[in-house]
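Every value quoted in this text rests on a predicted model; they were computed, and no experiment measured them. Worth knowing before you read on, the calculation uses all heavy atoms, side chains too, and leaves out hydrogens, waters and symmetry mates. Count residues from 1 along the sequence.
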Amino acid sequence: MNGEFKHIFKVLLPGVLLTCMALLSSCADDAGDSDRHGSTATLQMQVSTRAEGDQTGTEDKQPGGAYENIHSLCVLLVNAEGNVAWKYVNDNLSDDASETEFLSEPIQDLPLGAYDVYAFANFDYYTSGEGAAGLWTTLDGIQVGSTFDTGILSFVVDDPASKINFDEKCYIPMSGKKEDFNVTATTSIIPVQLDRLVSKVQITVSGESAKDVTELTFSGWADKVMLFSDETLSGNVSYEESITVGDKTVDENGTVVVSPFYVNETPDGHAFDVIVKTEETTAGNPESIYTATTKQSGLPRNSIYPLAITINNWGLDITAQCWLSPIGALPQEVRADFETGTYNISIPEGAQFEFTLGGLEGKDNSTATWSINPDNTPGIAFENYTDGLTTVKGHVTASAGKTFSLGVTASFTEKGLDYQRTYTVKLTTVDIFDAEFKTTRVSSLWSPFTCAAEWGGARNVLPEVLDIHVKR
């Protein structure tokens, strides 16, 4: 048996030795691979601006326009221990905020593992104050190797939309983050996208009298924004922010295109008020102001809000009577002249008047009432006036060439929404010798003389709210 065992051992020994040598060689190769790949990585940071409207993953997106991309940039790479492993800061990456993407120089020998990436763009003018007001100063002072202050993530940015001023190089602030990104030996890029903290509102006005729009007011958005979108906005937040826009162009179809503007990100549950002011004549009379509330409730950051407003031709129904009282005679009814296509009414100086509102022409279930402050209309003596009347009575001063503004508020319901329009009726006194007396019997002096205003401007501002995420 011993001889047989020795024979077997002699036969197997070379194979065992070869196997051991192969295993040692494999271990050596593994050690070499570890040196080359296993403990660190060389990679680049890629920061880009997300296309506007890109909140749903749809294909309809708009790239940022002029001045809507990266001007200044700070990027922090934070390791699993909470320390800043790498930092980039540049307060003038692009002089005109036209840079859509930033690719860093290679980051050498970065230890493998999980990292959080935080990126901040266009905060270079946030340099003084506490919290977000001094964010850029805070970011600029962070040192590589220091512990990252996570309190930054819950900073509240005060009204960023109001601070945007391209002429002063105060560009749209943006933020972005990518948390728990696993860096392996094969990682070559860490991508992170920036979101603008505001929404861009694009308004068009169409209809027969759209060209007469003089200004538009949009209001109701939040006055504060969280630095990062996954933080909840709370505390003392106001939803009364407002902007009035007068700049506009008219396209080939006669549609008014209001200059786009920015509003702060606003949580769901907060609709927006729109006020449109029109001017029908070259003299600026009458003025008509109409209000409506959007169906859209809230606006996410980095979104585009296309809002189309339609102006319809609903006339305001006014019945006008006026009388003159010669000394020693009964009142004599005279004509109240309406200027065609307007709410301008001319009556003789010193005349008595009675104006009655009949709602909106062609609009069922509409109401119209007078809204006048007698203290602000010297020259008219009103008879028992109170707000909410459909008929107003009084007499005007015995002086020609005077013009008075009388307010009218009309209300109606359209497509389940309640609307309110405010009109201005211009009342002008003319020379008594130009008065045209009506040829009627004394018994009918007080019978109504009706003249419905032929005005093409009662406005229905119907908000056609397009998908907030999709450009159509």
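The ring pair (Phe, Tyr, Trp, His ring centres under 6.0 Å) check on F261 picks up F218, with sequence neighbours excluded.
Judged by distance alone, the side chains of N69 and Y67 never bring a donor and an acceptor atom under 3.5 Å apart. Side-chain contact annotation: T249 with D251, donor-acceptor N/O pair under 3.5 Å absent. Between T255 and N253, the side chains place no donor N or O within less than 3.5 Å of an acceptor N or O (distance only, hydrogens not considered). Checked by atom type, the side-chain pair D223/N264 shows no donor-acceptor distance below 3.5 Å. For K426 and S405, the side-chain atoms include at least one donor-acceptor pair closer than 3.5 Å.
Put simply, the side chain of R196 gets close to the backbone of R50: a donor and an acceptor are under 3.5 Å apart. Remark: the backbone N or O of K277 is paired with a side-chain donor or acceptor of T214 at under 3.5 angstrom. Remark: side-chain polar atoms of T137 are paired, donor with acceptor, to backbone N or O of T127 under 3.5 angstrom. At distances below 3.5 Å, at least one donor-acceptor pair connects side-chain atoms of D116 with backbone N or O atoms of D180. No side-chain donor-acceptor contact under 3.5 Å links S303 to the backbone of S199. Side-chain N or O atoms of Y125 include one that pairs as donor or acceptor with a backbone N or O of Y171 at under 3.5 Å. In terms of modelled atom types and a separation under 3.5 Å, the side chain of K87 and the main chain of D140 share a donor-acceptor contact. One N or O on the side chain of N122 and one on the backbone of I172 form a donor-acceptor pair closer than 3.5 Å. Here the side chain of T391 pairs no donor or acceptor atom with the backbone of T356 at under 3.5 angstrom.
Contact of the P173 side chain with the K163 side chain is not registered, since no non-hydrogen atoms from C-beta on lie closer than 4.5 Å. Counting only heavy atoms from C-beta outward, the side chains of F181 and T187 approach each other to under 4.5 Å. For the pair D247 and V258, the minimum side-chain heavy-atom distance is 4.5 Å or more. Counting heavy atoms from C-beta on, the side chains of L216 and V256 never come closer than 4.5 Å. For the pair E101/V47, no side-chain contact is recorded, criterion being any heavy-atom separation below 4.5 Å from C-beta on. Side-chain atoms of N90 and F102, non-hydrogen and from C-beta on, never get closer than 4.5 Å to each other. Y305 has its side chain out of reach of V263: every pair of non-hydrogen atoms, C-beta onward, lies at least 4.5 Å apart. The shortest side-chain heavy-atom distance between L227 and L135 falls under the 4.5 Å cut-off.
The number of heavy atoms from other shown groups lying within 6.0 Å of NZ (K393) does not exceed 12. N92 CG: more than 12 foreign heavy atoms inside a 6.0 Å radius.
Of all heavy-atom pairs between D96 and S98, the closest is OD1-OG, 2.8 Å. Contact detail for E265 and S229: the closest heavy-atom pair is OE2-CB, 4.5 Å. Annotation for V144 and A85: closest pair CG1-O, 3.7 Å, computed over non-hydrogen atoms. Between S399 and T429 the shortest heavy-atom distance is O-OG1, 2.7 Å. In plain terms, the two heavy atoms of S146 and Q143 that are nearest each other are OG-O, 2.5 Å. The heavy-atom pair separating I309 from I203 by the smallest distance is CD1-CG2, 3.8 Å.
Taken to the nearest 0.5 Å, the OG atom of S94 stands 11.0 Å off from the CG atom of L73. How far OG1 of T377 is from OH of Y385: 9.0 Å, rounded to the nearest 0.5 Å. Distance check: T428 OG1 to K402 NZ gives 12.0 Å after rounding to the nearest 0.5 Å. Rounded to the nearest 0.5 angstrom, E99 CD and S72 OG are separated by 12.5 Å. How far CD1 of I164 is from CG of D159: 9.5 Å, rounded to the nearest 0.5 Å. In this structure, the separation between CD on Q46 and CD on Q193 is 9.0 Å, given to the nearest 0.5 Å.
Note on ring orientation: taking the six-membered ring where Trp is involved, the planes of F355 and W370 are tilted (angle from 30° to 60°). Y88 and W86 have parallel rings, their planes meeting at less than 30° on a 0 to 90° scale where 60° marks the start of perpendicular.
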>> Assess the residue pair D124 and H71 against the criterion (side chain to side chain contact (heavy atoms under 4.5 Å, CB included)); give the C-alpha distance rounded to whole Å, side-chain angles, the decisive distance to 0.1 Å, and a yes or no.
In response: CA-CA 9 Å; D124 53 294; H71 165 68; 3.5 Å; yes

>> For C74 and W136: C-alpha separation, side-chain torsions, deciding distance, then whether side chain to side chain contact (heavy atoms under 4.5 Å, CB included) applies.
In response: CA-CA 8 Å; C74 177; W136 192 256; 3.9 Å; yes

> Please walk me through it: do I152 and I142 pass side chain to side chain contact (heavy atoms under 4.5 Å, CB included)?
Replying inline: CA-CA 12 Å; I152 292 175; I142 292 175; 4.1 Å; yes

> Passes side chain to side chain contact (heavy atoms under 4.5 Å, CB included), V89 versus L139? Steps please.
Replying inline: CA-CA 8 Å; V89 62; L139 296 174; 5.9 Å; no

>> I'd like to know whether F120 forms a ring pair (Phe, Tyr, Trp, His ring centres under 6.0 Å) with F228, so could you lay out the CA-CA distance, the side-chain angles of the two residues, the decisive distance to 0.1 Å, and finally the verdict.
In response: CA-CA 10 Å; F120 314 83; F228 288 96; 5.8 Å; yes

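Every pair passing salt bridge (charged side-chain N to carboxylate O under 4.0 Å, His left out) that includes a residue from residues 227-236 is listed here, sequence neighbours excluded: K177-D230.
Just one of V198, L299, I243, V201 meets the side chain to side chain contact (heavy atoms under 4.5 Å, CB included) condition when paired with W221; it is I243. Considering D195, N302, T49 in turn, T49 is the only one that fulfils the side chain to side chain contact (heavy atoms under 4.5 Å, CB included) rule with M174.
Ring centers of Y239 and F272: at least 6.0 Å apart, outside the cut-off.
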